[in-house]
Amino acid sequence: MLILENIKLAFSALFSNKMRSLLTMLGIIIGIGSVIAIMTVSSSLTTSISTSFQEMGANNITVGIKQSTEEEEVRSNGMVFGTSGRTVTADEDDMITDDMLEELQDTFSDQIDAIAISESVGSATIDSGSSSSNISLTGINPDYFESSEITLLAGRKIKQEDLDGTKKVIMVSDKVIETFFDGDNESALAQAVNVTLNNVTTKYYIVGVYEYEEDSTFTSDSDEDVETSAYIPITTGKEQLHSDDGYSQFTIVTATSVDSVSTFASQVEAFFAPYYADNEDYEISTSTMESMTESMNEMIQTVSIAIAFIAGISLLVGGIGVMNIMLVSITERTREIGTRKALGAKNSSIRLQFIIESIILCLIGGLLGILTGFLLGAIAASILGYSATAPVGAILLSVGFSMIIGTFFGYYPANKAAKLDPIEALRYE
């Protein structure tokens with residue numbers, strides 16, 4: 001009951017001096033508002049980056065062969081050199097085979113959603129006599145679409161039976177369809193087009209049309225000359241290039257159950273180690289975007305915390321302001337304190353009254369600061385093009401910090417009030 005009564009007295013004292021209370025809280029509002037605004041922008045930026053990396057394949061693992069690390073030779077002067085500067089060309093025996101991929105899929109079936117394979121066939125053109133279109137020809141397998149964001153507009157995607165039959169089928173962009181079929185995607189399906197690659201023309205049949213998305217990279221080409229991707233079965237692509245069987249690299253689309261993509265990447269390297277134990281020229285290497293995402297987020301959070309700490313210095317100023325106003329309040333209410341002590345109020349009761357008043361003052365300032373900070377943070381995030389994300393941890397920390405400031409900076413004035421001599425206090429004018 002004593003605490004509840006002191007809370008009522010605190011609100012009564014604050015509302016009796018509204019302007020002074022507001023000015024006292026201003027330092028707390030600015031300090032906490034700045035911290036929350038910065039953390040809101042940081043949280044929004046981190047979420048946006050994580051989402052972007054996710055869309056780019058942050059959970060994907062790129063696996064490929066790389067030339068084995070050269071043995072190091074330490075000279076007498078302490079300098080370290082490679083034993084040779086040799087360059088090795090990968091042949092069919094160095095490639096990753098279909099049997100390896102099948103065994104990999106069987107071994108980690110619960111951790112792998114798809115194994116995407118792609119191989120660049122080269123830059124080509126589609127000709128019709130009167131017009132042409134530049135394309136980048138890529139051989140793929142059906143799982144390739146699991147690792148790439150491709151929107152199908154008409155027809156179908158490349159299927160396993162296309163690979164098995166080494167079929168001359170092709171998926172093209174809607175820009176190609178605009179050039180040759182006046183943008184009619186449906187009528188383009190099953191139509192034959194002549195694809196010229198390395199001065200060799202091959203007839204392909206369109207089985208699918210996907211939506212072309214412009215690259216953010218600057219190009220001097222006109223819209224008509226821009227090169228778009230076209231997809232064919234990877235077996236057809238290898239036949240076109242007369243290349244060896246096997247693959248130099250592929251991409252693993254990990255399952256959502258995989259906790260750490262980096263850890264799983266290490267397991268994949270260990271899986272391939274026996275296959276390349278006797279290979280002196282090549283070994284298996286993996287790369288992920290998870291570490292890049294983590295590094296980026298850590299950097300943003302470090303900078304944000306540093307800026308928030310600087311902004312938080314204003315909380316110290318706000319706390320000193322609270323102490324100053326509480327000292328003034330005690331001076332104004334000296335007779336009231338003397339009367340209470342004369343009626344039997346204990347020192348602890350007087351001390352508690354002013355500490356609670358200080359805490360309430362800081363708590364209200366903290367709540368207003370949180371609202372102000374989140375509003376400013378949301379506006380800033382919106383201007384930067386991100387959706388605002390509330391930093392729950394920072395909000396809870398701010399509320400707790402407000403109460404700590406109220407207790408810390410309110411104790412000295414409260415203790416001073418509690419130690420007032422009742423007779424001297426009653427004499428105070």
Side-chain angles (χ1 to χ4, degrees), residues 22-60 147-151 211-218 253-254 256 258-262 288-319 321-322 361-406:
L22 180 60
L23 292 175
T24 305
M25 290 187 290
L26 200 56
I28 305 295
I29 293 171
I30 293 173
I32 289 183
S34 301
V35 173
I36 293 297
I38 292 167
M39 298 307 290
T40 298
V41 174
S42 171
S43 180
S44 302
L45 182 59
T46 300
T47 302
S48 177
I49 289 175
S50 298
T51 302
S52 298
F53 275 110
Q54 188 77 25
E55 291 173 354
M56 292 168 60
N59 291 334
N60 294 350
S147 65
S148 302
E149 294 289 332
I150 294 179
T151 303
E211 183 178 11
Y212 170 73
E213 294 185 3
E214 291 188 11
D215 195 344
S216 58
T217 307
F218 174 77
V253 181
T254 61
T256 53
V258 175
D259 295 326
S260 173
V261 177
S262 298
T288 70
M289 295 183 71
E290 183 181 60
S291 56
M292 187 187 300
T293 307
E294 291 175 354
S295 299
M296 184 71 71
N297 290 341
E298 285 176 6
M299 182 180 69
I300 293 171
Q301 289 171 6
T302 301
V303 173
S304 299
I305 290 172
I307 297 174
F309 179 77
I310 295 171
I313 294 175
S314 60
L315 287 173
L316 180 62
V317 178
V322 170
L361 191 69
C362 292
L363 194 57
I364 294 173
L367 293 174
L368 291 175
I370 290 170
L371 292 174
T372 303
F374 182 71
L375 180 62
L376 293 175
I379 293 172
S382 177
I383 292 173
L384 294 172
Y386 310 123
S387 57
T389 305
V392 179
I395 289 174
L396 295 175
L397 185 63
S398 297
V399 173
F401 200 60
S402 299
M403 298 181 70
I404 291 171
I405 287 175

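These numbers come from the heavy atoms of this one structure, side chains and all, not from hydrogens, waters or symmetry mates. Values in this document were obtained by computation on a predicted structure and should not be read as measured data.
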For T372, which of L367, I30, I29, I36 qualifies under side chain to side chain contact (heavy atoms under 4.5 Å, CB included)? I29

Taking all non-hydrogen atoms of both residues into account, name the closest pair between T40 and G373 and its distance. OG1-O, 4.5 Å

From CG (L361) to CG (L22), nearest 0.5 Å: 10.0 Å

If you take all heavy atoms of A380 and V41, which pair is closest and at what distance? CB-CG2, 3.7 Å

Is there a donor-acceptor pair closer than 3.5 Å between any side-chain N or O of S382 and the backbone N or O of A378? no

Residues that I404 engages under side-chain contact (heavy atoms from CB on, under 4.5 Å), provided they are two or more places apart: none

Heavy-atom closest pair (S262 atom, T288 atom, distance to 0.1 Å) is OG-OG1, 3.9 Å

Quick one: side-chain contact (heavy atoms from CB on, under 4.5 Å) partners of I364, sequence neighbours excluded? F11, L14, M25, I360, L368

Shortest non-hydrogen contact between N60 and S147, atoms and distance: ND2-CB, 3.8 Å

